[in-house]
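In what follows, chains carry the letters A, B, and so on, assigned in the order in which the sequence lines appear, proteins first and then strands, with residues in each chain numbered from 1. Values reported hereafter were calculated over all heavy atoms of this structure, with side chains retained and with hydrogens, waters and symmetry mates removed.
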Protein chains: 2
Amino acid sequence: MSTHPPQLSPTELAAYFAFTEVSSLLRHAVEQQLREVGKLSYVQFQLLARLGDAPGGSQRMTDLADGVVYSRSGLTYQAQSLEERGLVTRAPSPEDERSTIVAITAEGRAVLQKVFPGHIEAVRDLLIDPLAEEDVEVLARVMTQVSEHLRANPPRSAGRRKPKAE
Amino acid sequence: MSTHPPQLSPTELAAYFAFTEVSSLLRHAVEQQLREVGKLSYVQFQLLARLGDAPGGSQRMTDLADGVVYSRSGLTYQAQSLEERGLVTRAPSPEDERSTIVAITAEGRAVLQKVFPGHIEAVRDLLIDPLAEEDVEVLARVMTQVSEHLRANPPRSAGRRKPKAE
DNA sequence: TATTGTTATACTCTATAACTATA
DNA sequence: TATAGTTATAGAGTATAACAATA
């Protein structure tokens, strides 16, 4: 089905290896910082940050899940955990009683604020500062291009509800 | 301690967001492929691949851990699991009886071979193909620069043995 | 005493399938 | 019947601390 060579060229390999190395170190450092400063997992941070940006500070579960979590029960688990800590609330949507609206609380926003500086510092230290200014622009352009391609051609079954098999 | 602005510029933010989005989708896709085709977690794949490249197909536990796993017990866990499946062997080093030498077996290499084509295809589809040829080169250059910086300034305590506190 | 690795344990996270309730 | 979400459950992975053995 593929018309491509089955191997990666040295340059392609270099791009892949360096990319994964950086992403895994960055991810680990960020997770550590979030855990230490805000007792948040990376997923929880993403959910909170998303709610913080959302109009009204709230979103439906399904919309919230998008791209952050790959199973519905996984989202329920995290949302419950955040709710128990008082960082979000959950309530049935008035418009569609099947839906649950998740909303960030004042404490939730406080935790976000507490966590942001160190988060930004980690990203800066590990990803931004090593690069010349032009290269940050280049990185932004290149990564955006890839991410747009991924949005346009979503990899098979990333978070979709199970297609009815059999 | 930091002389940097506490915020990220729009370009820097764009670079960070796109980078994490791509890395998380790529990681997820790759993990799925490895699991389906070879019943390997990403960490297990990395360990096997490393052994496959190592001279003699073997390495000491400590050297093997480097950058792949962030705790010693985590490596023991994975090595045990690979050993139970017959993909690696473990034996004490003749040179230093404290050390354990991990070696990839023929079955281990077979699993690697089985998994490679789909792995490469995923990387190609999701990371390489969306980019023009020059941009792959650019990505390789930029990511290599970051990764070299990270090697030179290792983030506090990534995998090192706990510094004696107290 | 320092280093290498394992074990015991506890915890977090994830995914699948079955289930409830609403549209 | 399809959709939104939860629950039950089980499994995989991770980290910390205590431990044994070797240098």
Checklist entry - So, is R72(B) close to the dT6(C) phosphate, meaning a side-chain N or O under 4.0 Å from OP1 or OP2? => result no
Item to check | R60(A) side-chain N/O to dA4(D) phosphate OP1/OP2 under 4.0 Å | outcome: yes
Checklist entry - In terms of the angle between their ring planes, are F116(B) and F45(B) parallel, tilted or perpendicular, with boundaries placed at 30° and 60°? => result perpendicular
Checklist entry - If you measure from the Lys or Arg side-chain nitrogens to the Asp or Glu carboxylate oxygens, is any gap between R124(A) and E12(B) under 4.0 Å? => result yes
Next on the checklist: Less than 4.0 angstrom from a charged side-chain N to a carboxylate O is my criterion; do E21(A) and R151(B) meet it?
Outcome noted: yes
Just how far, in rounded Å, is [atom2] of [N] from [atom1] of [X]?
X      : N       : atom1 : atom2 : value
Q80(B) : dA8(C)  : CD    : C1'   : 12 Å
E31(B) : dC13(C) : CD    : C1'   : 12 Å
K39(A) : dC11(C) : NZ    : P     : 14 Å
E84(A) : dT6(D)  : CD    : P     : 12 Å

Next on the checklist: Would you compute the distance between atom CG of L75(B) and atom OH of Y70(B) and round it to the nearest 0.5 angstrom?
Outcome noted: 13.5 Å
Checklist entry - Can you give one letter per nucleotide of nucleotides 8-15 of chain D, going 5' to 3': B for a protein heavy atom under 4.0 Å from the base, S for sugar-phosphate only, - for none? => result ----SBBB
Item to check | Strand-adjacent residues in residues 86-103 of chain A, judged by heavy atoms under 4.0 Å from DNA chain D | outcome: R90(A), R98(A), S99(A), T100(A)
Item to check | Passing option when Q145(A) is tested against E148(A), M143(A), R141(A), H149(A) for side-chain contact (heavy atoms from CB on, under 4.5 Å) | outcome: R141(A)
Item to check | Positive for side-chain contact (heavy atoms from CB on, under 4.5 Å) with Y16(B), one of V123(A), V136(A), I120(A) | outcome: V123(A)
Next on the checklist: I want to check something: taking the side chain as every heavy atom from C-beta on, are F19(A) and L26(B) in contact at a cut-off of under 4.5 Å?
Outcome noted: yes
Next on the checklist: Could you check whether any side-chain N or O of Q33(B) sits under 3.5 Å from a backbone N or O of V115(B), counting only pairs where one atom can act as donor and the other as acceptor?
Outcome noted: yes
